[in-house]
S.K.: 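My questions will all concern the structure given below.
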Amino acid sequence: MRILVTGGAGFIGSNFVRRTLDSRPDASVTVLDAMTYAANPANLTGLDPARFALLKEDIRAADLVDELVAESDLVVHFAAESHNDNSLRDPFAFVRTNVEGTVTLVEAAARHGVRFHHISTDEVFGDLDLDDPARFTPETPYSPSSPYSASKAASDHFVRAYVRSAGLEATISNCSNNYGPRQHPEKFIPRQITTLLEGGTPRLYGAGDNVRDWIHVDDHNDAVWTIIERGEIGRTYLIGADGERSNRAVVGDLLEIFGRGRDDFVHVTDRPGHDRRYAIDASSTLALGWEPRYTDFRSGLEQTVGWYRANPGWWRETRASAEEKYAITEEVIG
Ligand code: NAD
Ligand code: TDX
């Protein structure tokens, strides 16, 4: 099976590529990745050149995309601008990659009749109140609140439109917040882990009450394979692992892992329009026979801390550049 993986040099995509090559001897993988600031070449080192190739190019390069898709049996589309805070500073990069890039890919996949899986996010549904018992389902109306989530919502709509109007053989998955090895230090969990490894103090946006529904990246990627193999064309599947936690609780756990007090953090400027809570009802994916393996968040977090501790060369420079960006607008408020 020849698989084209877009964005395979980033966090979730590179874990997907490694896991796929390890567990599926019949698979060969071509990664198409523009190698933006979010990619790390170290994510893809040591892979067998007989079964793996990396092409450094934009997913909007229509001629190359056409050729690559025509040679593939499956396209798994991870490439995106993925960070909410960046989308508040430069929304146009998100429109270019997340919307125009996705349309370039589905055009080619529909033209060549190639199976397509679109990786999306729970953020397309907007947010929930902290005390609302509801969770997102595939029927929840779209209501994105940042330029990032608006661009991902648009990309989902394009995939669905191509299923209906061009016969695209696609499935879509909307997953909750991922954590695990190789996540960029601009994101919440690796930012706090690398801060703690450098002896600093974790930073909570606003009061820290916001809730995210955490899932280990390997569980996400296993669910993606389940949907590719058993999902129904045209359907949307929600992926989550019952991992709801406030940001304050996550930081408390990390502080404890580092032997510090649970309240040893600072509050910093809140994110404008900060979504309060995400929560996934994963019945649509569980019904296909998938089950998360990382059901103990604390031990998944400990494994992740261990990875960052063992790989300082992977994160030192990217952390420094992420912190430079944060320093422009972020202030300690308490
Ligand atoms: P990431 O930012 O770590 O990686 C994105 C990758 O896409 C990078 O390697 C980057 O170089 C590449 N890329 C960006 N623009 C490109 C372009 N124009 N052409 C080719 N490649 C380009 O992101 P991630 O966290 O691994 O997220 C992967 C996917 O999963 C995204 O679609 C994201 O929306 C979705 N998702 C992420 C999460 C999460 O918690 N991180 C949760 C749900 C869904
Ligand atoms: O330093 C921080 N302090 C803090 O309190 C950072 C970087 C974040 N936060 C908060 C904001 C959020 O409530 O932590 C929470 C998680 O923040 P992010 O890691 O930026 O993730 P989020 O905005 O929830 O989006 C993530 O999940 C859905 C991914 O980045 C998206 O790509 C995915 O679609």
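If you read the sequence from its start, that first residue is 1, and numbering goes on from there. Counting starts at 1 for both ligands and their atoms, following the listed order. None of these values were measured; they are calculated from a predicted model.
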S.K.: Can you list the ligand 1 atoms lying under 4.0 Å from a non-hydrogen atom of Asn177?
M.R.: 40 (O)
S.K.: Check whether NZ of the Lys or CZ of the Arg Arg182 lies under 6.0 Å from the centre of the six-membered ring of Phe11 and within 45 degrees of that ring's axis.
M.R.: no
S.K.: If you measure every N/O of Asn247 against every N/O of ligand 2, is any gap under 3.5 Å?
M.R.: yes
S.K.: What I want to know is whether Tyr326 and ligand 2 share at least one N or O pair that is separated by under 3.5 angstrom.
M.R.: no
S.K.: At a 4.0 Å threshold, what atoms of ligand 1 neighbour a non-hydrogen atom of Ser120?
M.R.: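 Counting atoms of ligand 1 from 1, those under 4.0 Å from Ser120 are 43 (C), 44 (C).
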S.K.: Just let me know how Glu123 lines up against ligand 2, side chain, backbone, both or neither, with a heavy-atom cut-off below 4.0 Å.
M.R.: side chain
S.K.: Relative to ligand 1, is Lys152 under 4.0 angstrom through side chain, backbone, both or neither, heavy atoms considered?
M.R.: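 Only the side chain of Lys152 comes within reach of ligand 1.
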S.K.: Among Pro41, Ala79, Ala80, which one has a heavy atom closest to atom 14 (C) of ligand 1?
M.R.: Ala80
S.K.: May I ask you to identify the nearest protein heavy atom to atom 2 (C) of ligand 2, giving residue, atom name and distance to one decimal place in Å?
M.R.: Tyr205 CE2, 3.3 Å
S.K.: Which residue holds the protein heavy atom closest to atom 19 (N) of ligand 1, what is that atom called, and what is the gap in Å?
M.R.: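 The closest heavy atom on the protein side is Ile59 N, 3.0 Å.
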S.K.: Any non-hydrogen atom of Glu186 lying under 4.0 Å from ligand 2?
M.R.: yes
S.K.: Counting only nitrogen or oxygen atoms and a 3.5 angstrom limit, does Arg271 reach ligand 2?
M.R.: yes
S.K.: Check the hydrophobic clustering (I, L, V, M, F, W, Y; side-chain heavy atoms under 4.5 Å; chains of links allowed) and say if Phe16 and Leu32 are grouped together.
M.R.: no
S.K.: Quick test: of every protein heavy atom, which one is nearest to atom 34 (O) of ligand 2, and how far off is it to 0.1 Å?
M.R.: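 Looking at atom 34 (O) of ligand 2, the protein heavy atom closest to it is Tyr148 OH, 2.5 Å.
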S.K.: I need the contact type for Glu57 against ligand 1. Using non-hydrogen atoms and a strict under-4.0 Å cut-off, is it side chain, backbone, both or neither?
M.R.: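 Answer for Glu57: backbone.
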